[in-house]
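Below you'll find the structure, written out as structure tokens, and then a few comments.
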Amino acid sequence: MALILITVTLTAGMQIRYMQQQPLGFNPEQVLVIKGPKAYDYGYQNNFSVFTNKINNLASVKSVSGAGAIPGQEIYWYSDRITINEKEHQVFSRFCL
């Protein structure tokens with residue numbers, strides 16, 4: 001049993017080292033993160049499309065993408081039940097710290 005645990009630990013350590021040594025595929029020094037409106041705001045998708053089109057037209061910008069959270073930031077999920085007009089609903093919400 002001890003031999004199996006040692007082998008698993010060494011293998012996991014080698015895999016983590018391997019992942020840390022791999023290139024990211026981008027230069028983090030050349031990435032700009034802009035916190036925009038919440039993803040669930042009314043009209044967000046239309047506003048985001050206009051924003052990305054304007055940014056893409058800048059000569060110094062290579063590409064634009066969007067995400068629901070800042071890369072590397074922890075995402076917390078919250079689940080609860082609420083009652084609206086005597087009907088119970090499951091509510092999921094997400095927030096980042």
Side-chain angles (χ1 to χ4, degrees):
M1 188 57 117
L3 186 58
I4 292 172
L5 290 175
I6 291 170
T7 304
V8 168
T9 302
L10 291 175
T11 303
M14 289 177 9
Q15 289 177 339
I16 290 171
R17 240 179 280 116
Y18 174 78
M19 288 187 297
Q20 290 174 335
Q21 294 172 351
Q22 295 305 302
L24 296 174
F26 66 93
N27 183 353
E29 298 291 323
Q30 295 182 349
V31 174
L32 175 65
V33 176
I34 299 172
K35 191 171 182 179
K38 295 184 190 252
Y40 302 107
D41 287 348
Y42 177 77
Y44 171 78
Q45 188 61 41
N46 294 334
N47 294 338
F48 183 73
S49 297
V50 171
F51 177 74
T52 55
N53 288 336
K54 287 183 179 184
I55 297 298
N56 270 326
N57 290 332
L58 298 173
S60 59
V61 174
K62 205 173 205 180
S63 66
V64 177
S65 66
I70 296 172
Q73 187 177 32
E74 290 188 51
I75 301 172
Y76 298 93
W77 288 91
Y78 177 78
S79 173
D80 202 0
R81 294 191 173 276
I82 62 170
T83 303
I84 301 173
N85 295 333
E86 298 180 10
K87 291 184 182 178
E88 192 170 284
H89 300 275
Q90 182 79 22
V91 176
F92 295 99
S93 59
R94 171 178 69 110
F95 60 94
C96 303
L97 295 178

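Atom set for the values below is all heavy atoms of this structure, side chains included, hydrogens, waters and symmetry mates excluded.
To the nearest 0.5 angstrom, Met19 atom CE is 11.0 Å from Arg17 atom CZ. From Ile6, atom CD1 reaches atom OG1 of Thr11 across 11.5 Å, with rounding to the nearest 0.5 Å.
No single ILVMFWY cluster, assembled from side-chain heavy atoms under 4.5 Å apart, contains both Val8 and Ile16. With hydrophobic clusters built from ILVMFWY side chains whose heavy atoms lie under 4.5 angstrom apart, Val31 shares a cluster with Leu24. The hydrophobic clustering, which links ILVMFWY residues whose side-chain heavy atoms are closer than 4.5 Å, places Leu3 and Leu10 apart.
Around atom CZ of Phe26, more than 12 heavy atoms belonging to other residues, nucleotides or ligands sit under 6.0 Å away.
Using a 4.5 Å heavy-atom threshold, the side chains of Leu58 and Ile55 count as touching.
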